[in-house]
Amino acid sequence: MRPVRTDLQGAGTDSAGALESRLTGCSRESFAGGFWGREPLLNRDASDFGDVFSADAVDELISRRGLRTPFLRVAKEGAALPDSSFTSSAGVGATITDQLDDTALWRAFAEGATLVLQALHRTWEPMADLVSALSEELGHPVQANAYVTPPQNRGFDAHYDVHDVFIVQVEGSKRWVIHKPVLPDPLRDQPWTDHRKAVAEAAGQKPYLDTVLNPGDVLYLPRGWLHSAQAQGDVSLHVTLGVHVWTRHALAEEFTRAALAVLREDSAARRSLPLGPEHLESELELVRSRLLEAVAETDVRPRFHRARRSQGRPAPLGPLAQLAALRNLDPTSLIRLRDALAPRWEGARLITRVGWLDFAETDVASVTRLLDGQARTVGELGAALAERLLRAGVLVPAER
């Protein structure tokens with residue numbers, strides 16, 4: 001067992017994966033080769049994450065942001081409470097009935113319930129920035145949830161996740177009990193509830209890791225590892241960064257879809273099977289052979305790139321600021337690529353998370369220079385190109 005590693009050489013020294021190193025306390029190479037997708041890693045040397053989230057942020061989100069379900073769920077004694085127990089109408093002008101009721105939530109929390117703020121990357125700007133950067137570094141989609149647990153209480157029973165997680169302790173302390181997987185590397189459609197008995201039996205055995213996380217500690221768990229947690233002597237606030245990893249199985253699914261699309265256009269593949277069961281074996285072999293040929297002649301990279309782009313969102317875009325930038329456009333105006341667009345070229349076509357644009361060959365080099373994210377003047381790009389890219393939401397105004 002080697003879950004605690006805070007003394008690896010090269011910790012935080014590489015420029016690539018800087019945020020990743022902040023979480024792991026080791027170099028990108030050490031994390032990728034020794035822990036990623038393999039075993040837990042406990043980092044007790046992480047920096048304070050109070051710049052990203054805090055108890056004050058919890059209170060603001062619950063009491064002042066008008067959040068609705070499913071941005072929050074509530075758990076007590078290992079089970080989720082019904083939404084109706086902590087939601088209500090928000091009154092005149094906001095009569096939607098599933099908005100958070102801060103009074104009901106306070107009462108549930110005071111009685112020992114855990115509050116789970118979900119999809120923080122959609123509701124809290126610092127968390128959105130962190131998640132976007134981490135997703136770009138890892139090459140896998142990332143989400144963020146926060147768990148607020150009263151003293152000496154637990155949220156959920158032992159279970160496993162179908163995604164990797166970085167558990168960041170923000171305030172208070174929490175005891176974590178970790179057991180080895182009953183199903184290594186589970187896929188997204190293989191939840192722990194399908195193995196409830198095996199999970200319960202494994203959770204009763206000697207743990208792989210039994211530790212208390214304090215503020216600034218980070219625990220990495222690959223998908224499938226069993227875990228349960230209990231707050232200690234004070235309110236515990238931790239953030240879970242869930243990494244929804246792409247797998248070889250996902251690539252196989254893309255190959256299968258692409259191959260079936262090829263066979264759909266093949267008249268021989270569309271042909272009816274012969275009458276009678278005596279031809280089944282020869283037909284099976286024929287279809288198997290043609291399917292393998294279709295896989296071999298298929299390039300799934302464009303499909304996979306589209307799938308990856310669809311799993312993330314670009315940085316926020318303010319329509320009023322964008323309109324003002326267009327109205328005030330002059331050769332000295334500063335512009336830059338919108339963050340988290342995942343841009344890539346296919347010939348002279350620029351493909352991003354907000355769509356695609358075709359360019360003249362003479363414009364490709366000018367647009368390519370913008371893809372490094374650095375600010376440029378409109379004069380460097382040309383007014384016509386700048387206006388087109390601003391209107392498409394690909395470029396945004398840059399600060400001087």
Side-chain angles (χ1 to χ4, degrees), residues 12-23 28 47-54 56-57 60-61 64-65 119-139 141-142 144 241 309 312-345 348-400:
T13 58
D14 51 333
S15 58
L19 177 55
E20 175 191 319
S21 295
R22 180 183 178 188
L23 292 167
R28 184 179 183 85
S47 57
D48 179 23
F49 281 83
D51 58 320
V52 179
F53 203 62
S54 65
D56 289 342
E60 180 174 336
L61 283 166
R64 298 184 180 278
R65 291 295 184 94
L120 283 175
H121 53 290
R122 297 294 300 138
T123 60
W124 194 250
E125 184 177 358
M127 191 63 69
D129 293 341
L130 181 145
V131 163
S132 178
L134 184 60
S135 178
E136 290 297 312
E137 287 184 9
L138 297 176
V142 179
L241 301 171
R309 283 195 302 273
R313 295 177 63 94
L317 180 74
L320 299 186
Q322 201 75 356
L323 180 60
L326 279 167
R327 286 180 171 174
N328 299 322
L329 208 61
D330 65 49
T332 66
S333 300
L334 286 179
I335 50 177
R336 64 172 178 84
L337 184 74
R338 184 178 176 185
D339 290 335
L341 277 186
R344 61 184 296 268
W345 286 105
R349 172 171 291 182
L350 180 66
I351 301 176
T352 73
R353 285 197 169 113
V354 294
W356 54 266
L357 294 168
D358 286 329
F359 294 91
E361 291 289 348
T362 53
D363 291 331
V364 169
S366 297
V367 177
T368 298
R369 283 194 292 272
L370 292 165
L371 302 189
D372 63 5
Q374 299 299 311
R376 301 284 196 281
T377 65
V378 169
E380 291 179 68
L381 181 63
L385 270 179
E387 180 175 348
R388 182 186 180 196
L389 291 167
L390 282 165
R391 290 189 179 280
V394 172
L395 295 184
V396 293
E399 297 181 1
R400 293 188 178 274

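Just so you know, residue 1 is the first one in the sequence shown, and it goes up from there. All figures in this text were calculated on a predicted structure; none of them were measured in a lab.
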Closest non-hydrogen atoms of Ser333 and Asn328, given as atom of the first, atom of the second and distance, are OG-O, 3.5 Å
When rounded to the nearest 0.5 Å, the distance separating CG of Leu317 from CG of Asp339 is 11.5 Å
- Task: List the steps and the verdict of side chain to side chain contact (heavy atoms under 4.5 Å, CB included) for Leu337 and Val394.
- Result: CA-CA 6 Å; Leu337 184 74; Val394 172; 3.8 Å; yes
Review point. Thr368 side chain to Val364 main-chain N or O, any donor-acceptor pair under 3.5 Å?
Key: yes
Q.
Hydrogens and angles aside, do Thr332 and Asp330 bring a side-chain donor and acceptor to less than 3.5 Å of each other?
A. yes
Practice prompt. I would like to know whether Trp124 and Leu130 meet side chain to side chain contact (heavy atoms under 4.5 Å, CB included); could you show each step before the answer?
Written response: CA-CA 10 Å; Trp124 194 250; Leu130 181 145; over 6 Å; no
Taking every heavy atom of Leu23 against every heavy atom of Phe49, the minimum-distance pair comes out as CD2-CZ, 3.5 Å
Exercise for the section: Before giving the answer on side chain to side chain contact (heavy atoms under 4.5 Å, CB included), spell out for Leu357 and Val367 the whole-Å C-alpha distance, their side-chain angles and the decisive distance to 0.1 Å. Expected result: CA-CA 11 Å; Leu357 294 168; Val367 177; over 6 Å; no
For Pro126 and Asp51, the nearest pair of non-hydrogen atoms, with its separation, is CB-O, 3.9 Å
Between His121 and Met127 the two heavy atoms that sit nearest each other are N-CG, 4.2 Å
So side chain to side chain donor-acceptor pair (under 3.5 Å) across residues 356-365, not counting sequence neighbours, yields Arg349-Asp358
Taking Arg353's backbone N and O only, do any of them form a donor-acceptor pair with Arg309's side chain (distance below 3.5 Å, no angle check)? no
In short, side chain to side chain donor-acceptor pair (under 3.5 Å) pairs touching residues 374-397 with sequence neighbours left out are Asp372-Arg376, Thr377-Glu380, Glu387-Arg391
Rounded to the nearest 0.5 angstrom, the CG-CG distance for Leu134 and Asp129 is 12.5 Å
TODO: Begin with the C-alpha distance, continue with both residues' side-chain angles, and end with the deciding distance and a verdict on side chain to side chain contact (heavy atoms under 4.5 Å, CB included) for Ile335 and Leu389.
DONE: CA-CA 10 Å; Ile335 50 177; Leu389 291 167; over 6 Å; no
Check this for me: does any side-chain nitrogen of one of Glu125 and Arg65 sit under 4.0 Å from a carboxylate oxygen of the other?
no
Between Val378 and Ala383 the two heavy atoms that sit nearest each other are CG1-CA, 3.8 Å
Separation between CZ (Arg338) and CD (Gln322), nearest 0.5 Å, reads 7.5 Å
CG (Leu341) and CD1 (Ile351) are apart, to the nearest 0.5 Å, by 13.0 Å
CG (Leu371) and CZ (Arg344) are apart, to the nearest 0.5 Å, by 12.5 Å
Between Ala398 and Ala375 the two heavy atoms that sit nearest each other are CB-CB, 3.8 Å
Taken to the nearest 0.5 Å, the spacing of Leu370 CG from Leu381 CG works out to 5.0 Å
key: Other residues, nucleotides, ligands: >12 heavy atoms within 6.0 Å of Arg336 CZ   = yes
